[in-house]
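The first residue of the sequence shown is numbered 1, and numbering continues consecutively from there.
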Amino acid sequence: MISVVTVNHPAWWDHVSFFVDKYRQDFLLQRLDTSGFFTKKVIAYGDPHVMPMRKLRDHEVYVMIDTPLIDCDGLNKDWVYIPSSKYNKEILEICGFKDVTEVIPKPMAYYPELTNVKREYEIYVNLSQPERKGHDRLSEVLRKLDKELDRKVTMMANVPFNIIHYFTGFNNIEVKLKPALSVKYYDHIKQMAKHRIIIFSSYDEGIGLPAIESALYGQQLVMGDIRATNEFVEAKFAPVVEYKVVKHGVLDKHFLYQIWDEDEFYTLLVKELEDPTFNVARLKDKRVIDYDWIYRKLKEVVGF
């Protein structure tokens with residue numbers, strides 16, 4: 001029996017519980033912080049800076065990792081790492097880890113019934129980790145757009161309280177602000193699907209969920225040409241013009257920021273507002289929603 005370890009990541013809870021429910025015969029869902037029972041092998045879902053690492057000692061741990069930490073801090077050399085993208089795999093190998101498997105994308109929950117949701121609004125942006133998600137440059141793009149618009153544009157911004165001011169004070173962009181709180185993943189997707197354009201201003205990703213979500217639900221996408229997202233999604237991207245290693249102020253980790261061209265980002269957004277058929281994202285790698293393939297590969301890697 002394999003224990004799937006989860007941490008307090010509500011946005012991922014539906015993904016993991018769906019996966020566990022589908023293969024209940026092999027997976028036992030438990031929380032390490034509340035249970036005194038442990039199995040020998042553990043597959044840990046989640047980013048390495050939030051996983052309960054101390055409690056995973058003395059177990060055969062397989063970590064499905066999707067955060068490319070440049071300095072490799074906080075990672076245990078005795079664990080087996082399952083990268084979610086080629087980019088992740090390269091970073092892990094550069095870090096000198098020997099037990100790195102082939103790429104097995106983190107599973108994505110997909111709800112076909114939401115592909116037919118009526119588009120009621122124009123722009124949607126969801127920023128859960130603002131320091132890595134380019135909120136400052138995005139704000140400049142939106143302010144430039146606001147001055148050039150000759151009509152009203154509707155936009156929903158799910159953002160943390162500390163950056164709400166970056167998305168206020170517009171004249172022609174009608175912004176509905178919602179605090180970036182934990183919601184059921186299905187409710188998040190249902191809300192997102194009502195919008196025609198998804199803005200994803202991130203500088204750093206190990207896979208890039210909003211871009212994949214936009215492709216799954218047939219939406220237009222505005223983002224930079226950052227790895228590893230372009231492994232999974234086909235679209236026109238704003239080119240990356242600068243790379244720099246940045247220490248995250250909250251997480252105390254280093255990430256490779258891939259800074260996209262602000263003018264090209266703006267141009268993509270303007271064209272999409274003008275043409276509802278321009279730059280509709282396509283899913284390039286369907287393995288992210290192929291649970292049977294992911295499950296089979298995990299069985300091969302973990303050996304249960």
Close side-chain approach of [X] to [Y], heavy-atom, < 4.5 Å:
X: Ile173; Y: Phe167; result: no
X: Tyr121; Y: Met155; result: no
X: Thr168; Y: Val175; result: no
X: Glu272; Y: Glu122; result: no
X: Thr67; Y: Phe255; result: yes
X: Glu231; Y: Asp285; result: no
X: Leu145; Y: Val270; result: yes

Does a donor on one side chain sit under 3.5 Å from an acceptor on the other, for Glu213 and Tyr185?
yes
Out of Arg132, Lys133, Arg227, which one pairs with Glu205 under the salt bridge (Lys or Arg N to Asp or Glu O under 4.0 Å) rule?
Lys133
Hey, quick one: are Trp293 and Val103 part of the same hydrophobic cluster, counting side-chain heavy atoms closer than 4.5 Å, chains of contacts allowed?
no
Single hit among Val61, Asn88, Asp99, Leu75 for side chain to side chain contact (heavy atoms under 4.5 Å, CB included) with Tyr81:
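In the set Val61, Asn88, Asp99, Leu75, the residue that makes a side chain to side chain contact (heavy atoms under 4.5 Å, CB included) with Tyr81 is Leu75.
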After noting the C-alpha distance and the side-chain angles of Asp290 and Lys297, does the key distance pass the salt bridge (charged side-chain N to carboxylate O under 4.0 Å, His left out) rule?
CA-CA 11 Å; Asp290 188 345; Lys297 285 296 181 181; over 6 Å; no
